[in-house]
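Notes follow once the structure below has been shown.
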Amino acid sequence: MKYKCVVVDLDQTLLHEDKSLSRETIEVFAQLPPETEIVVATGRAITRTQRYADLIHARSMICTNGSIVYHQGQVIHRTEIDSQKVIDLIQTVRKIEPVQLTLFYPTEAYTTNEYFINKGESLRLDLDHFETREIQKIFVVTSNHAAMEAIDFSSYGMKAVPLSENPDIFVVTAEQVNKGTALRAFCDHLGLDLSQVVAFGDDYNDLEMLQEAGCGVAMANAVPEISAAADQRTLSNEEDGVAVWLKEHLADFQ
């Protein structure tokens with residue numbers, strides 16, 4: 001058996017643009033040997049990840065870009081934003097005009113964005129009174145890029161990375177957080193060799209994960225940096241590229 005573990009990003013990788021999962025993809029994952037470790041690795045929190053993990057029989061999840069790792073429902077690795085420094089950072093960021101903030105905890109999110117509050121996807125965030133523990137990532141939404149670039153996030157032990165699909169959304173996490181570090185922690189926990197891992201991704205937050213995996217596969221719709229770093233490439237998410245690659249390589253899991 002060449003591969004014992006499949007790690008797959010969700011948005012723009014496994015999922016179609018409408019956030020659906022194709023029947024073909026579900027069926028291909030069902031054909032993998034039952035002992036194969038299937039891991040969903042995403043920027044999403046567990047509440048927006050679990051149903052997709054269930055559909056492809058994933059026993060493990062790397063959530064919020066590597067801030068927390070679950071295996072069979074148990075937390076096996078966690079890296080939170082410094083609870084002492086987050087207050088100072090929030091006070092700095094909230095002065096940006098315009099700005100909207102969302103704080104992500106393991107199972108819920110709090111936001112100043114009325115749209116997501118009204119949709120029931122997030123709770124209302126009181127910037128003067130919020131829980132500082134267990135914050136895994138922060139979304140800062142602003143068109144004022146100059147103001148964001150003026151902030152030294154490293155002085156808070158954090159980093160801010162813009163989303164490729166919307167550069168007005170900055171994802172703030174602890175500085176050492178990435179999917180690659182989380183994957184390494186996952187493999188250490190299960191006694192897997194990273195050479196036995198195949199990982200699929202498309203965006204900047206997948207880079208370290210694809211570099212750590214024995215085989216990193218970039219989607220056809222991946223950003224150039226991911227395509228350049230990958231060992232192999234497959235079709236786009238709209239063309240079920242993950243399923244196509246797995247179907248062609250099923251023998252490598254036997």
By side-chain contact (heavy atoms from CB on, under 4.5 Å), which residues pair with Gln74, not counting sequence neighbours? none

Single-linkage hydrophobic cluster, 4.5 Å side-chain cutoff, Val39 and Leu10 together: no

Looking at every heavy atom in both Leu194 and Leu183, which two are closest together, and how far apart are they? CD2-CG, 3.9 Å

Rounded to the nearest 0.5 angstrom, the OG1-CD distance for Thr132 and Gln84 is 6.5 Å

Among the clusters formed by ILVMFWY side chains lying less than 4.5 Å apart, do Val40 and Met209 turn up in the same one? no

In Å, rounded to the nearest 0.5 Å, how long is the span from CD of Glu80 to CZ of Arg133? 8.5 Å

Which atoms form the tightest heavy-atom contact between Ala243 and Thr25, and what is the distance? CB-OG1, 3.6 Å

Which heavy atom of Ala230 sits nearest to which heavy atom of Val217, and what is that distance? CB-C, 4.3 Å

Evaluate the side-chain proximity of Val8 to Ile56: yes if any heavy-atom separation is below 4.5 Å, no if none is. yes

Leu192 and Phe186: CA distance, side-chain angles, deciding distance, side-chain contact (heavy atoms from CB on, under 4.5 Å) verdict: CA-CA 8 Å; Leu192 287 171; Phe186 171 80; 4.0 Å; yes

With side chains defined as the heavy atoms from C-beta onward, is the minimum distance between Val93 and Ile90 less than 4.5 Å? no

Ring centroid separation Tyr105 to Tyr110 under 6.0 Å: yes

Do Thr142 and Gln100 come close enough that some side-chain heavy atom pair is under 4.5 Å? no

Is there a side-chain contact (heavy atoms from CB on, under 4.5 Å) between Ser67 and Arg78 once you walk through the steps? CA-CA 6 Å; Ser67 294; Arg78 185 199 301 266; over 6 Å; no

Would you say Val223 and Leu163 are hydrophobically clustered, going by side-chain heavy atoms of ILVMFWY under 4.5 Å? no

Kindly indicate whether the side chain of Leu235, heavy atoms from C-beta on, has any atom under 4.5 Å from the side chain of Asn221. no

How far apart are the C-alpha atoms of His145 and Phe170, what are their side-chain angles, what is the distance that settles it, and do they pass the ring-ring contact (aromatic ring centres under 6.0 Å, His included) test? CA-CA 9 Å; His145 296 186; Phe170 295 82; 5.4 Å; yes

Do the two ring centres, one from His249 and one from Tyr3, sit under 6.0 Å apart? no

List the atom of Thr64, the atom of Gln136, and the distance in Å for their closest heavy-atom pair. OG1-OE1, 3.5 Å

So, Thr49 versus Tyr70: side-chain donor-acceptor pair below 3.5 Å or not? no

Are Thr92 and Tyr156 packed together at the side-chain level, in the sense that at least one heavy-atom pair is separated by less than 4.5 angstrom? yes

Does the distance from a Lys or Arg side-chain N to an Asp or Glu carboxylate O, for Glu212 and Lys179, drop under 4.0 Å? no

Ignoring hydrogens and angles, state whether a donor on the side chain of Ser164 or Asp203 is under 3.5 Å from an acceptor on the partner side chain. yes

Between the side chains of Thr13 and Asn237, does any donor sit under 3.5 Å from an acceptor? no

Check the pair Ile138 / Ile135 against side-chain contact (heavy atoms from CB on, under 4.5 Å), numbers first and verdict last. CA-CA 8 Å; Ile138 302 170; Ile135 297 175; 4.0 Å; yes

Looking only at heavy atoms, which two atoms of Val69 and Ala182 are closest? And how far apart? CG2-CB, 3.7 Å

State the CD-CG distance between Gln196 and Leu190, to the nearest 0.5 angstrom. 11.0 Å

With the threshold set at 4.0 Å, does a side-chain nitrogen-carboxylate oxygen contact exist between Lys4 and Asp193? no

Pair Arg59 + Glu37, salt bridge at N-O below 4.0 Å: yes

Common cluster, Phe116/Val140, ILVMFWY with side-chain heavy-atom separation under 4.5 Å: no

Without swapping roles, check the side chain of Glu239 against the backbone of Ser236 for a donor-acceptor pair under 3.5 Å. yes

Under a plain distance cut-off of 3.5 Å, with no hydrogens placed, do Thr102 and Thr111 share a side-chain donor-acceptor pair? yes

Pairing of Lys159 and Glu175 as salt bridge, 4.0 angstrom limit: no

First locate atom CD1 of Ile62, then atom CD1 of Ile46, and finally report the distance between them rounded to the nearest 0.5 Å. 12.5 Å

Could you walk me through whether Arg124 and Glu114 satisfy the salt bridge (Lys or Arg N to Asp or Glu O under 4.0 Å) test, starting with their C-alpha distance in whole Å, then the side-chain angles of each, then the deciding distance to 0.1 Å, before giving a yes or no? CA-CA 8 Å; Arg124 186 176 301 279; Glu114 290 293 334; 2.5 Å; yes

Tested for side chain to side chain donor-acceptor pair (under 3.5 Å) against Asn205, the lone hit among Thr42, Asn65, Asn178 is Asn65

With a 6.0 Å cut-off on ring centres, are Phe104 and Phe139 close enough? yes

Over all atoms of both residues, closest heavy-atom pair of Gln12 and Glu17: OE1-OE2, 3.0 Å

Non-hydrogen side-chain atoms of Pro98 and Ser143 separated by less than 4.5 Å: yes

Could you give me the CA-CA distance, side-chain angles and deciding distance for Cys187 and Val197, then say whether side-chain contact (heavy atoms from CB on, under 4.5 Å) is met? CA-CA 9 Å; Cys187 287; Val197 177; 3.8 Å; yes

Greater than 12 external heavy atoms within 6.0 Å of Arg94's CZ: yes

Do Met61 and Arg44 have side chains that get closer than 4.5 Å, going by heavy atoms? no

Please examine the side chains of Met219 and Ser227, heavy atoms only from C-beta on, and report whether any two atoms are closer than 4.5 Å. no

How long is the straight-line distance from CD1 of Ile38 back to OG of Ser60, given to the nearest 0.5 Å? 9.5 Å

Value rounded to 0.5 Å, distance of CD1 in Ile96 from CG in Asn144: 6.5 Å

Say whether Leu89 and Val171 are linked into one hydrophobic cluster, either directly or through other cluster members, by side-chain heavy-atom distances under 4.5 angstrom. no

Count the heavy atoms of every other residue, nucleotide or ligand shown that sit under 6.0 Å from NZ of Lys19, and state whether that count exceeds 12. yes

